[in-house]
Structures are given as structure tokens and as C-alpha cells.
Number of protein chains: 2
Amino acid sequence: MPETVRSAAARTTGTRYGNRPTMKDVAARAGVGLKTVSRVVNGEPGVSPDTERRVQESITALGFRRNDSARILRKGRTASIGLVLEDLADPFYAPLSRAVEEVARAHGALLINGSSAEDPGREQELVLALCARRVDGLVIVPASDDHRYLEPEIAAGVATVFVDRPPGRIEADQVLVDSFAGARDGVAHLIAHGHRRIGFIGDLPRIHTAHERIRGYEAAMAGARLPVHESWLAPGATDPARVRADAERMLDGPEPVTAVFAGNNRVTVTLVRVLAERRRPVALVGFDDFELADMLSPPVTVVAQDPAQLGRTAADLLFRRLEGAHDPPRLTTHPTRLIARGSGELPPHS
Amino acid sequence: MPETVRSAAARTTGTRYGNRPTMKDVAARAGVGLKTVSRVVNGEPGVSPDTERRVQESITALGFRRNDSARILRKGRTASIGLVLEDLADPFYAPLSRAVEEVARAHGALLINGSSAEDPGREQELVLALCARRVDGLVIVPASDDHRYLEPEIAAGVATVFVDRPPGRIEADQVLVDSFAGARDGVAHLIAHGHRRIGFIGDLPRIHTAHERIRGYEAAMAGARLPVHESWLAPGATDPARVRADAERMLDGPEPVTAVFAGNNRVTVTLVRVLAERRRPVALVGFDDFELADMLSPPVTVVAQDPAQLGRTAADLLFRRLEGAHDPPRLTTHPTRLIARGSGELPPHS
DNA sequence: GACAGTCTGGACAACGTTGTCAAAACAGGT
DNA sequence: ACCTGTTTTGACAACGTTGTCCAGACTGTC
């Protein structure tokens, strides 16, 4: 029996797949040819009902499960796509990821994903690992600003869509949010409510969205002919300690701000805590909506975007490419929506 | 998926994967043997510096990337693990997922994940798809209560760890939270603050954690010799509309409750909204901590668990199994922690 | 210069599946 | 019985990699 030979070999050499029955084993037991088993497993036509029954019986008896590694190797397509983003657990990216998963599922594909932790090296490592797995396509929220390393992959036919941030130094599909307009409108909203000294706390400008939001802030200030004191602009790390320090510096400095614009949901959440401790009310508008924003006191005014929508758009585009859409790379921009809830309408405390 | 998916480039040249160079191509260009390329790619010893350089040059010139499908087929190990849970975007599961990813990464493995949407059929479909891919191991938050379909897979050597809920009808490793004690203590906390009529809103008891939490609620009530009116117990769907209706029924019924215990974070969030609309304050304790719970008014008292810790424990155990730990299936139970913040310490209103 | 011992390098056979193609089995019509 | 056309079936060669194993090409030693 080949069965015993294989198990012995497996045990000594260090088990490949435990030792699983293959189509050959199924075929032997059913007394048919290998290809016939393949036909049954894949529901291909041209198998008599009687043979099919014998094969099925053999399959369940042996607990056979097709080895997709071999199938993938042979067929050249994996029916899986990769998703690389900053942090799977971030409340902004989690729905995006889920949306991509849903679309993939609708196309019969599995999703492999990884978090880059905003580290360009890790992004590249992940992306290339996915390419080595021969994923059919990639959805990337880039951490790097140079994606030339992807050129051979794209040339080889890996469909690639960038979301939330544009690719660096290559042409590719991108699905973005109008961060510039969103930030500009959010800051203009504060100005419209009487604020003249407004702070901005957000990510480093090397991140595209952060850069755009800073530009939006500056455009709104400039549009109202308001000066920007250097201490009001705090682009940097967005860990709570740093955000807190930045906020306190601009609130207690020589030119104290009466309002703050937060560059992303992490910053907003930290600022909610910091501002709640202050005696005087400070106005706040945050980029990104977040759960329970409306239940805080005051409820938080936000520039909202729809991460699930972003993910859906990107994944839809990806699968259109996989189905052979050949038009040049496309840029899709989603608008933001200002949701006034209270914190952004507080008057300046003078 | 049909043939059309393959890119036009692939179709015209007749090769798969776009048309990518293989080790053979690299070898030909470098004027060496196939196996020598393999050695260079895998950093195996026994290649002279000069040959290595020639091969490297050839690799970058052709944009070669090893095809892991073939490698996997040959080696029998995929260096990837599967994670199946209810909803990747749920704030409870997102950190769990991220923690599993981190552990996988530390072991050089990729993570493939899918959401079961609490549908047993979908869970099985996903899990078996992962098995067909020959993932080395599985972390499962089960939706189904019968996992006998996994028996052949486990027998074949797929390491499997269940998290948050136990497996059904099979023996396997499990990492759980002490839901019973958590709920019992949470309800006891309300009783200690003077409440006698307390409602429970949570998931259907077919979900193990929900069942345990209901038991905990009943144990606390029984322990204080308090009767439970039938309208106070609302296990069912936990969509906002349903939760709202249940809450209003128990708040406005003949035996109105003065406090509510929420069975999970989704319910808690909905209840925060419902209770905020009431004239009289209603006490609230929720299972699961959530962001900004401390910033609401009143701040929300919760029975906290640590989803990231759960994920880490499960993934660590999985990799210990993959490294050959052969002891019998193990049950790990994590404790919960009551965090009193205000909403659970409100006195009864009459 | 012959000899053992080490380093390199390459031919070849797997791994488990699917595509191709031709043989075998069967049906229906004479 | 024969031929013709259709359906079922199985042998065999890929797919791109890695493990095994052997052949040359070098060392250093006598």
C-alpha cells in the first residue's frame, strides 16, 4: 500500500500536510482514473452518474479535500487578493477592510491581509510576499512613497489599486478622498463661527492625506486673510502623549487658539479628552467620523468620510481590472461631508 | 471564474501569471543550472560569490519573483494561517485579528481571514476553503455549533484553536473569557447599588458567550433572591432597532426596570443612545469595554475583556502546536475586569 | 604528479493538480 | 453484422519549485 509508505515517509521527513489522500488515492479506491476524480471534484460534465457516485463515496470515505496549492500552480490563478493597510484594528480601516472582503467574497476570492504599521519597509515586505503568493490583485493603503518596486509585478499582470493615498512614482488606479477640500471646509466652518486663532494637529506631511489636510487648513486661513502662528501647526506623530503636548502648547501659548482642527480620528479622540479637561470651552472639528461622536458633550463636529464605501469602490475597480478592463489608470475622488454636531459651533472664548 | 479573467497580455503570449520569468529563465540568462538559482534565492550555502552575483544580476534584470505556489506544493507547508470570525470590522474583533496577525508575522506567516457574519454555513465554507489552501493552522471564532466537518482536517494535521467560543462536538484547543462570572459580577454590581428590577439584553443563547452571560445574570439575580420578570430578559437579534424596542418594553412595562445589563458592545452602544433619551436616569453596565466609554455622560461602567490578549493567547497556542506540542486539547479562560465609571453606580430612580 | 577531501554546480524526480488528446464504450441507423 | 457519431474514460505532460545525488573542479598533502 502506498498509503503506509507515505505515512512513514511523512513521519520521518517531517510531515507534509499530515498525510492527506490525493486524487490518486481517491481514484485507486474508486477504481477509476485520476482525471475522472478531477472531473467529479470540479463538477465537470462527462461523467456517468454511476461513476460519479462511486467517486463521491470514495471522496467522503477518505476525507479527501482538493489541494488548492497544486490547482493554483497548474491554473496560474489564485482566486485571492491581498490587502495591505496601516492597521487592521483602526476604526477607520476596519470597515474598509471588511468592505473589500465582501466584494472579494462576491467574486469567489479570498482575502489575505496585513498591517504595514505605517512602515514603508514592512509595506514592501508584505506586498512582495503577497506577490510571491501570486495573488490576483492588490489593494494597498500605502505607507511608502515609492512604489517602483511594484513595477515588475504590475507588468506581470497583478492588478493594483491604491486607496486613501496615492501611489508613489508609478502610475496606478487610486481611490482617494478629497482631503484638501474636507479640511478647508472644516476649518472654514470654524472661521465662520468666529474663530481667528485655530490650531491643526495631524500626521506628518509625508503622508499624503496629512499633507492635503494641512494644505486645506492653510487655504482656509489664507482665504480669510488670517495669519497662522507657527505654534498652531503641529504635524507629527499622533500618539496620545504627543497630541496632548501639542494641544497644550497651542492652548497655553502666547497666541492661544480658540479652536482646533484634528487631522484624523485618533487625534480627535485624544483631543476630546484633552479639551474636556479645560475650564474654557475650545471648539473642535475632526477629520473622520467615529462612533458615539454624537453622544459626547459637546457632540463632536466632524468632516466625515465613508471608509466602507472607499473599500468597495477600490475592490470593485480591482475586479473590473481582473475581468480585463484596460483603460488607463483612473483616479476616483470621494467627497467628504461636514456633520455639525456642536463642538465645531462653539463660539471663541475671547 | 472564467477564462476572461486572465489578462489580455497573458492570453496573447499564452503564458500564465502575465508571463513571469521562472528560475529556469534566470538560470538560462545567468548561464547556470536551475538548482543554483534556487540556492541563491533561498540563501542556501554552497554557491561561490561570483556565481551568486551573476544570478542576482539576472534576477533583478528579469524582475524574477519566486512562485510560492510551487514552493508550497513542493514543501507541504504554506506559512500561512487562517482566521475566521464574525465580523472583521467589529471593534471587539478588530484588535483580536490584529493581535493574531502580529503573532503570525513574528513566525513568518501570512494571515488569511474571513468574516462568517454569524452564519454557520458561511463559517464552514470559509474554513474549508482555507483548508483547501492548506493553511498550516486555523484560529476560529465559531458561528456554528457543530464542527465535526473539521475532523478530517484536524486528523490531517491542521492545528486549530477556537477563540471566544468553544468548538461544537469536537475536541480542540479553546481560549475563552469567563462570560458567566463577568455577567454575574456585573449584575451583582447593579444589585449592590440598590437595583432590584434589572433587564438583560444580549445575543441569542445559541451563541455560547450569550448563553453564559444570561446564566450569569440569572445567577446574580437568584443569588440575591430577586425574581426575574419575563419581560426583563431579551436575548435575540442585537440590531439597534430590536435592542431599542426591547429596552423600551422593559423600561415602560408593568414592572419597569431601573437598570439594564448589556450583553455585548453593540448592545451597550445602542443602549447609551436609548437611555440618554429617557427623563429618569437608568443604570447601565455593559459587557466589553469600548472607546470613549469614559467620556460619555454618565461614563459607562463595563465588564471589560481584552480582545488583543485573547488573540495573542490563541495564536501563541496555535504556533506552539505547529512546532509540535502534542499534549491534549487545552482550555484557557481569561478573567474579566469590572470598570466602574458611573453608569453602573446610578441609584434606582424611585 | 597522484590522492584524498572539500566546494560548486547541475540533472532529475518528485509535489498534486488540470489541459490535451486519443482510446474505449456505447448508441442508433442501416 | 457493420459503420458513424457521441459519450465516457484514462495516460500523459505540463505548472515552477525543492530534495537527492552524483560529477567536476578545485584545494592541499605527500
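Quantities reported herein were computed from a predicted structural model and do not represent experimental measurements. First the proteins, then the strands, lettered A, B, ... as listed; each starts at 1.
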- [ ] May I ask you to say what Arg39(B) touches in the nucleic acid, namely base, sugar-phosphate or nothing, with a heavy-atom cut-off under 4.0 Å?
- [x] base
Task: Asn67(A) versus Arg133(B), side-chain donor and acceptor atoms under 3.5 Å - done: no
Open item on the list: By the 4.0 Å heavy-atom rule, please label Val47(A) as base, sugar-phosphate, or nothing.
Closed with: sugar-phosphate
Task: OP1 or OP2 of dT18(C) under 4.0 Å from side-chain N/O of Ser38(A) - done: yes
Task: OP1 or OP2 of dG19(D) under 4.0 Å from side-chain N/O of Lys75(B) - done: yes
Task: End-to-end axis angle, where each axis spans five pairs of the helix from dG1(C)-dC30(D) to dT30(C)-dA1(D), to 10° - done: 50°
Task: Phosphate OP1/OP2 of dG9(C) contacted by Ser48(B) side-chain N/O (<4.0 Å) - done: yes
TODO: For Val32(A), report the nucleic acid contact type (base, sugar-phosphate, nothing); a contact means any heavy atom under 4.0 Å.
DONE: sugar-phosphate
Open item on the list: If you assign each of Ala70(B) and Gly33(B) to its closest nucleotide in DNA chain C, which residue comes earlier from the 5' end?
Closed with: Gly33(B)
Open item on the list: Quick check against the 3.5 Å criterion: does Ser115(A) have a side-chain atom that pairs as donor or acceptor with the backbone of Leu88(A)?
Closed with: yes
Open item on the list: For Thr51(B) and Asn42(A), find the nucleotide of DNA chain C closest to each by heavy atoms; which residue's nucleotide sits nearer the 5' end?
Closed with: Thr51(B)
Open item on the list: Counting only side-chain nitrogens and oxygens, does Thr36(A) get under 4.0 Å of the OP1 or OP2 atom of dT9(D)?
Closed with: no
